[in-house]
Visitor: 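This is the structure I want to talk about, given as structure tokens.
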Amino acid sequence: MTSDAMIDIEDIRAARRRISGTVRTTPEMVSKSLTDLHGVPVHLKLEHQQVTGSFKIRGASNAILKLSADQRGRGVVGVSTGNHGRGLAFAARQNGVRCVVCMSELVPGNKVEGIKALGAEVRIVGRSQDDAQVEVDRLVAEEGMTLIPPFDHADIIAGQGTLGLELIEQVEEIETAIVQVSGGGLIAGIALALKTANPGIRILGVSMERGAAMHASLKEKKPVLVPELSTLADSLGGGIGLDNRYTFAMARQLIDEFVLVDEAAIARAIRHAYWQERQVIEGSGSVGIAALLDGLVEPKGTTVCLLSGANIDMKLHHRIIFGENVDLEAES
Ligand SMILES: *Cc1c(COP(=O)(O)O)cnc(C)c1O
């Protein structure tokens, strides 16, 4: 890692000041059931109640607010159709910045409408993510728009790290933090904030078994590709980028333990969150609870478990909470 590819705690503190007008300070609560199960206080951070239904607006807002006046005038572009796309679209509109999201023809209509409803322009190009990327590159080269990537970017990591600062204020003497991992921007930012406050805090990363790119990359000691598989934790899919600049090195340095959960455990966790905690969370938001319920992690001391997103198809949610064993692979 070169020294320019670094962020520090001051970047996260500055991000907090920058985005404070845009982003909700989400509540935390003690989970009685998980506390009883593990014999340590388990707090849930209810970040799925964030504006746009996930924490992605933290990083997106920070990145947009850091643009120069000229860059703001030319607008931003993204490729995500999921939570990053939603956060980016919302943050752009809030700041009066043009936002274009490029996607392929294969993206389902409800996702297209969701992004449009948040005020972004949608450009549908080709039949793959690579085709969409060609249009992104053109918008950047020819129209001077700024690409805002979903995780491997200093301003994004600093924005997600504001969650760590909030946790330190909300929960006393945290000893264990359980955070989901996809590209690693979320856990990198939170871990940096928490370990700056107390280097002894253990950071536990959780991904799904079906397509855990960061987990595979850490094992191989370099960024690697993994096949993308259908999973209930769909917001955790995708690679970390073979030319990863920030999150791989930070994950390597900051994650103390890393576990993977299977699809049945994710479904149980969505169910648990609904019936026991009265929270509607998407599969990706539930993997920490899944790891706790399955006993894959052994929390020591006061523990915080992040619920990172709420954007699940409500018909799918309904099937899961009434006990159906949804197998997305068989359905696709
Ligand atoms: C993006 C996302 C994650 C993972 O964040 P990374 O920074 O890519 O690791 C976790 N949960 C939800 C709901 C997300 O949208």
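In each ligand, atom 1 is the first atom listed, and ligand 1 is the first ligand listed. All values reported here derive from a predicted model rather than from experimental measurement. Residues take their numbers from the sequence shown, with the count starting at 1.
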Visitor: Quick one, Glu121 and Val101 - any side-chain contact, counting heavy atoms below 4.5 Å?
Guide: no

Visitor: Answer yes or no: is there a side-chain heavy-atom contact under 4.5 Å between Leu118 and Arg86?
Guide: yes

Visitor: Honestly curious: do Val51 and Ile19 fall in one hydrophobic cluster under the side-chain, below-4.5 Å linking rule?
Guide: yes

Visitor: Would the distance check show the side chain of Thr303 and the main-chain N or O of Pro299 forming a donor-acceptor pair, the cut-off being under 3.5 Å?
Guide: no

Visitor: Indicate yes or no: at least one non-hydrogen side-chain atom of Val181 is less than 4.5 angstrom from one of His215.
Guide: no

Visitor: Would you tabulate the polar-atom pairs, meaning N/O of ligand 1 against N/O of the protein, with distances under 3.5 Å, reported to 0.1 Å?
Guide:
from, atom 1, to, atom 2, distance (Å)
ligand 1, 7 (O), Gly185, N, 2.9
ligand 1, 7 (O), Leu186, N, 2.8
ligand 1, 8 (O), Gly183, N, 2.9
ligand 1, 9 (O), Ser182, N, 2.8
ligand 1, 9 (O), Gly183, N, 3.2
ligand 1, 9 (O), Gly184, N, 2.8
ligand 1, 11 (N), Ser308, OG, 2.7
ligand 1, 15 (O), Lys56, NZ, 2.7
ligand 1, 15 (O), Asn83, ND2, 2.8

Visitor: With ring centroids as reference points, do Phe151 and His84 lie under 6.0 angstrom apart?
Guide: no

